[in-house]
Protein chains: 2
Amino acid sequence: MSLPHAILTALLEKPSSGLELTRRFDKSIGYFWSATHQQIYRELGRLEADGLIRALPTAQPARGQKKSYEVLPAGRAELAGWTAAARDPKPQRDVLLLRLRAAAVVGTAGLEADLRRHLELHRRQLAEYQEIEKRDFPPDRDTPQDRLRHLVLRAGIDLETFWTGWLTGALAEFAELPEEERAGD
Amino acid sequence: MSLPHAILTALLEKPSSGLELTRRFDKSIGYFWSATHQQIYRELGRLEADGLIRALPTAQPARGQKKSYEVLPAGRAELAGWTAAARDPKPQRDVLLLRLRAAAVVGTAGLEADLRRHLELHRRQLAEYQEIEKRDFPPDRDTPQDRLRHLVLRAGIDLETFWTGWLTGALAEFAELPEEERAGD
DNA sequence: ACCGGTTGTGCAACTAGTTGCACAACCAGG
DNA sequence: CCTGGTTGTGCAACTAGTTGCACAACCGGT
């Protein structure tokens, strides 16, 4: 039940249409909660039906026309409640680690190349985050909102840093494995 | 499509019954791929129907009786193929970061306590991993399988280390926020 | 005026994981 | 012996996210 709250957060930051939300999910919000435009439209419909948001009256709601939404007080209350509610961390689930464990049994053939690819992807993502940090969080601007958002970005940066480091180490380990192991047994 | 492959890996390491698998998922495997017993039984049924595993002939298959499975050659081949196949990292999705972002808009009331709780949980998990590392990976034992499994455990340890560090920093940041901000707006 | 790409919105079907419950066998204690 | 907890297996319904497709409007060039 997180997507509706991600949308509420985004709409509170700035009222938007479905497509605008989609774009924003592809950027900042999607960095820790991705969603496709189909999900977003469906959820907008539900949120409107539930009375948590409403279409801005200025736009005419014809098909193929932009329709912007804003959050109603009930929506803000719902979001505040959701944010404050205690919630257990979701159980860990990482395919790459699972594949590595499988590789310990069936051999590492083919896996190494994909590890390299992942390393490259994480490097790129890390660079992008660092770019954003430099642009959006200069040392002087320092409102509470900024500090909280910066904290979120730092998590992204640190996680990508972790993955690039770990993948580098994993590849080094692979390089030292005996040949027959790498081919699979 | 990862659960069946997690099960294949586990069964290759050691043929097991549904309940034994469940226990192993609660321990080592569950550290990066958790599953309930219901999921596991369902998946065992499918894997057997697909001819990737079979019930060990020694056990009689009565209800309430242990029924152990072993991996067939087709299963091993499937797993090897799956392990080697390139696969994009799944899009990031973290509720806690989303809540923090929401808190930047609706206020941090209530969130801080849960952050503390998460910190405690991650500390515990980290300690548990470090215990496992000390027990299962002494410096001398050093087969290729060990090294790969150790790599997986290192990822777990480093991730928990990251979270404890990040949460500590986040809580420090919270402590510095002005009072009216923390109450919510 | 017509055509093809882009913008914007949306439905429907599918997949994977979660939750709730059921039920047989076995084992210990009254 | 029978009762109540534990072990072991499993079905069914639900939830959330993904994939594939459709279709209207608008905009540029020909």
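These values consider heavy atoms only, across backbone and side chains, with no hydrogens, waters or symmetry-generated copies. Proteins come first, then strands; the chains are lettered A, B, ... in the order of their sequence lines, and each starts at number 1.
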Point to revise | Under the ring pair (Phe, Tyr, Trp, His ring centres under 6.0 Å) test, residues paired with A/W163 that sit two or more places apart | key: A/H122, A/W166

Point to revise | A/R23 side chain near C/dT7 phosphate (N/O to OP1/OP2, under 4.0 Å) | key: no

Please report the distance, rounded to the nearest Å, between [atom1] in [X] and [atom2] in [N].
X: A/M1; N: C/dT18; atom1: CE; atom2: C1'; answer: 14 Å
X: A/W33; N: D/dA16; atom1: CH2; atom2: P; answer: 10 Å
X: A/H5; N: D/dA16; atom1: NE2; atom2: C1'; answer: 14 Å
X: B/L19; N: C/dA25; atom1: CG; atom2: P; answer: 17 Å
X: B/L21; N: D/dT7; atom1: CG; atom2: C1'; answer: 15 Å

Check your understanding: Residues in side-chain contact (heavy atoms from CB on, under 4.5 Å) with A/P73, at least two apart?
Key -> none

**Study point:** Sequence-distant partners of A/I29, side-chain contact (heavy atoms from CB on, under 4.5 Å), two or more places apart
**Key:** A/A10, A/F25, B/R101

Review point. Among the clusters formed by ILVMFWY side chains lying less than 4.5 Å apart, do B/L159 and A/I157 turn up in the same one?
Key: yes

Exercise for review: Specify the residues of residues 34-50 of chain B, ordered by number, for which at least one heavy atom lies under 4.0 angstrom from an atom of DNA chain C.
Suggested key: B/T36, B/Q38, B/Q39, B/R42

Practice item. Please collect all ring pair (Phe, Tyr, Trp, His ring centres under 6.0 Å) contacts where either partner lies in residues 76-119 of chain B, sequence neighbours excluded, each pair once. Key: B/H5-B/W82

Sequence neighbours excluded and cut-off under 3.5 Å, please list the side-chain donor-acceptor pairs for residues 124-135 of chain B, or say none.
| unit_1 | atom_1 | unit_2 | atom_2 | d |
| --- | --- | --- | --- | --- |
| B/E128 | OE2 | B/Y31 | OH | 2.5 |
| B/E133 | OE1 | B/R154 | NH1 | 3.3 |
| B/E133 | OE2 | B/H150 | NE2 | 2.8 |
| B/E133 | OE2 | B/R154 | NH1 | 2.8 |

Report all side-chain donor-acceptor pairs from residues 41-51 of chain B shorter than 3.5 Å, counting only partners two or more places apart or in another chain.
| unit_1 | atom_1 | unit_2 | atom_2 | d |
| --- | --- | --- | --- | --- |
| B/Y41 | OH | B/L19 | N | 3.4 |
| B/E43 | OE1 | B/R46 | NH1 | 3.4 |

Point to revise | Within residues 88-102 of chain B: residues closer than 4.0 Å to DNA chain D (heavy atoms) | key: B/R93

Practice item. Please name all residues satisfying salt bridge (Lys or Arg N to Asp or Glu O under 4.0 Å) with A/E160, sequence neighbours left out, ordered by chain then number. Key: none

